[in-house]
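Structure, as structure tokens:
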Number of protein chains: 2
Amino acid sequence: MFKINENYLKLPGSYLFSTIGKKVAAYSSANPDKSIIRLGIGDVTQPLAPAIIEALHKAVDEMGKKETFHGYAPDLGYEFLRNAIVKGDYESRGADIKADEIFVSDGAKCDSSNIQEIFGSDNKIAVCDPVYPVYVDSNVMAGRTGEYNKETETWSKVIYMPCTKENNFTPELPKETPDMIYLCYPNNPTGSTITKDELQKWVDYANKVGAVIIYDAAYEAYISEDNVPHTIYECEGARTCAIELRSFSKNAGFTGVRLGFTVIPKELKCGEVSLHAMWARRHGTKYNGAPYIVQRAGEAVYSEAGEQQLKEQVAYYMNNAKTIREGLISAGYEAFGGINAPYVWLKTPDKMTSWEFFDYLLEQANIVGTPGSGFGPSGEGYFRLTGFGSHEATVEAMERIKRL
Amino acid sequence: MFKINENYLKLPGSYLFSTIGKKVAAYSSANPDKSIIRLGIGDVTQPLAPAIIEALHKAVDEMGKKETFHGYAPDLGYEFLRNAIVKGDYESRGADIKADEIFVSDGAKCDSSNIQEIFGSDNKIAVCDPVYPVYVDSNVMAGRTGEYNKETETWSKVIYMPCTKENNFTPELPKETPDMIYLCYPNNPTGSTITKDELQKWVDYANKVGAVIIYDAAYEAYISEDNVPHTIYECEGARTCAIELRSFSKNAGFTGVRLGFTVIPKELKCGEVSLHAMWARRHGTKYNGAPYIVQRAGEAVYSEAGEQQLKEQVAYYMNNAKTIREGLISAGYEAFGGINAPYVWLKTPDKMTSWEFFDYLLEQANIVGTPGSGFGPSGEGYFRLTGFGSHEATVEAMERIKRL
């Protein structure tokens, strides 16, 4: 009789968004006259920019003609896209990354969950707390996290690095030495970020202890302040310790288009074994490339018109984030983030739990957000609102909160 | 210090297509006047059908407007596509599959390599020999295959089921009981297929011994004969033992568009644990959906215009396969397949090895094919030609072979 992967059975239920959905549905059905504003979503709402639409149409036309049809894509992705990435994301930041160190994929979620596969099952991971759940869950499935403690909501073999207002949402170097360190800046869910000097400390630490940093820079486009690194390869020594994950979802609205990439520098090795070669083998064996038309759309992101249009799109969401942040502060809340990230992270008032505040906000202001405890134990007592809604709804939501 | 997944180091080099590339390049450069015909490829060459192009343009336009923009897709894929699949691929064959048993993905390669992840690492797999290398390699990476024997080119913990002309390329039930059985019909690389009665024997066997069948039906559209099953769910009892993998790559030319799906019936269980629920958890945690525009293109495959146009496209490739098969036979070769599959599998003449025949065909007829030994030890002495080239080139290739 075949056996299943027992690690899957250890996973606690993934109830955060389904519980939110159920609570909202129940409230709506009991209060059909109330207009609900959803600021809990991490999904974009603005349409694709004209330069992207144009590139997609052009590529579709190419696929309809024998002379310009494209079948299987090259393993690493098309050179036109990888060259555009190098120029737009790395050379422009003074970071030394070559086109053949870039692996084009269908998004950062797949890459961030698959990357652990090239590591041994006895590696110890370190994550921020709160954290994007995919990092931990993918390691649970691979049997790397030990046992789950329902009381503390933590895994016995995971090193948690609390990020709270007390440490300005920047974790300290862990006391126990990890093998794999997941970092995400600008951060989901806290909306915080890290300075170049602080990130340099992590790079130095990883090189010293022989850890690998898996650096998720999906929200890089939202950075507005100086001295905040756009890529970990701005730091010296990152080429020997860091893998970077990038996405087109939030900078170009590709959540429903699907495109991302992973960077693995050729110097990143375990003894003689190159992680670049391992990931290339995985990519070649278990993946078959992002669609040609989508890779052309990705190229358009770096065109002059594309860059201009997407700057406006990001500014639209960041204006929402600013509206939320400033609205909350003027209403007496402690609010964080929203300056270099589309997320605003607020401290719940009057020692309410995250879920108590969820109910309060839904019932008293008809606003939906995301309870911070859903991202990890140190998220308890916090709450996430996002800038991805429409501006009108965002303004209205802040008016309601001020009236509470 | 972080550790790597040591299983990757066990993988022998993947040199088949790179060796072919090098040999062809060397020959071309030494003989610049020769016109080389490539019949080794598994990639399609015809442009996307007009109905697909139209659907893509329409969906691209939707993505450019706020009212019709689509962000993250539903976890299982859009209902419009899953409903079209149920109607077009299952109801029409009398197979009882529901829309919520279908998981839309970006292709059968990803699914066929990822599906092993929900099974325990101590399961024993059985594969046909020769075989599509991804089934074995993905299990090697997961540490399920034991040690590699360079002499026999086999893994100690894999059950190989030889498929040769002696058994009409249909494997016998294995002597040693497997936990997971990979079957691919119509078959790549042998171009053979299986009757419904024969497949029923495998379903009965799997249910009896408690094995799961991973059934790759990527070439289903090429079936031309009656009594050949288009889906394993035409067999009684398949809902309790079989997972089916499907692709849009070969029936609709989507190798560069990327779309596929996996079917897991809800009755398929290990004890109380539903494989459907496990795959749903994996899909939700480690995947983020196929692009909206691509799912709309998939829907168009099942439209009246789409079905008609794709029937013609498949007929074009199958006419090539027929030309190859009949050309080889009239030139005195033993040739197999090419009736229910785009692949023709030939026995090399004069006891030549697969690679000797590769060199012979390249040098004497300037034709590139794929050595059968590249697909497994029982492929030695065989050679694969494909119907995916242009008709003119295919006819010319057969003229050259007849003149040898």
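Please read all numbers here as calculations on a predicted model, not as lab measurements. Reminder, nothing fancy here: chain letters follow the sequence lines and each chain counts from 1. Only heavy atoms go into these numbers, but all of them, side chains included; no hydrogens, no water, no symmetry mates.
With chain A as the partner, the residue from B:Q116, B:K65, B:M63 showing the most heavy-atom pairs under 4.5 Å is B:M63. In terms of heavy-atom pairs under 4.5 Å with chain B, the best-connected choice from A:D111, A:I52, A:L11, A:T68 is A:L11. Contact count against chain B (heavy-atom pairs under 4.5 Å) is highest for A:R282 among A:H70, A:E6, A:R282, A:E62. By number of non-hydrogen pairs under 4.5 angstrom with chain A, the leading residue of B:G256, B:G271, B:G284 is B:G256. Looking only at heavy-atom pairs under 4.5 Å with chain B, the residue among A:N7, A:V257, A:I118 that has the most is A:I118. Of the listed residues (B:G289, B:S390, B:S112), the greatest number of heavy-atom pairs within a distance under 4.5 Å of chain A belongs to B:G289. Your options are B:A108, B:S249, B:A206, B:G71, and the one with the most heavy-atom pairs under 4.5 Å with chain A is B:G71. Contact count against chain B (heavy-atom pairs under 4.5 Å) is highest for A:D106 among A:V209, A:V294, A:D106, A:T177.
Smallest separation of non-hydrogen atoms from A:D179 and B:F2: O-CB, 3.5 Å. Across all non-hydrogen atoms, the minimal contact from B:I53 to A:V60 is CD1-O, 3.3 Å. When all heavy atoms are compared, the tightest approach of A:C270 to B:I4 is CB-CG2, 3.6 Å. Scanning all heavy atoms of the two residues, the minimum distance from A:K269 to B:M1 falls at O-CE, 3.8 Å. Across all non-hydrogen atoms, the minimal contact from B:Y8 to A:E117 is OH-OE2, 2.9 Å. Nearest heavy atom pair, residue B:I293 against residue A:I293, reads CD1-CD1, 4.0 Å.
Using a 4.5 Å cut-off between heavy atoms, A:L9 contacts chain B through its side chain alone, with no backbone atom that close. Residue B:F69 touches chain A through its side chain alone, counting heavy-atom pairs closer than 4.5 Å. B:D122 touches chain A through backbone and side chain together, each having a heavy atom under 4.5 Å away. Heavy atoms of B:N288 lying under 4.5 Å from chain A belong to its backbone as well as its side chain. Neither the backbone nor the side chain of B:A142 comes within less than 4.5 Å of any heavy atom in chain A. Residue contact with chain A, scored on non-hydrogen atoms closer than 4.5 Å, is absent for B:L259. Only the side chain of B:M141 comes within contact range of chain A, with at least one heavy atom under 4.5 Å from a heavy atom of that chain. Proximity to chain A involves both the backbone and the side chain of B:K66, based on heavy atoms less than 4.5 angstrom apart. Proximity to chain B is limited to the backbone of A:A290, based on heavy atoms less than 4.5 angstrom apart.
Summarising the geometry, atom CG belonging to B:L56 is positioned 9.5 Å from atom CG belonging to A:L56; distances are rounded to the nearest 0.5 Å. Atom CG of residue B:D61 and atom CG of residue A:L48 lie 11.0 Å apart, to the nearest 0.5 angstrom. Here NZ of A:K109 is found 10.5 Å from OH of B:Y287. Values are rounded to the nearest 0.5 Å.
Qualifying side chain to side chain contact (heavy atoms under 4.5 Å, CB included) partners for B:A218, counting only residues two or more places apart in sequence or in other chains: B:D216, B:S247. For A:D43, the side chain to side chain contact (heavy atoms under 4.5 Å, CB included) partners at least two apart in sequence or on another chain are A:T255, B:Y72.
Shown here is A:K157, whose NZ atom has no more than 12 heavy atoms of other residues, nucleotides or ligands within 6.0 Å. For A:E54, the CD atom counts as loosely surrounded, since its 6.0 Å shell holds 12 or fewer non-hydrogen atoms of other residues, nucleotides or ligands. More than 12 heavy atoms of other residues, nucleotides or ligands lie within 6.0 Å of NZ in A:K10, so this atom counts as buried by the packing criterion.
The pair A:R281-B:D137 meets the salt-bridge criterion, with a side-chain N (NZ, NE, NH1 or NH2) lying under 4.0 Å from an Asp/Glu carboxylate O.
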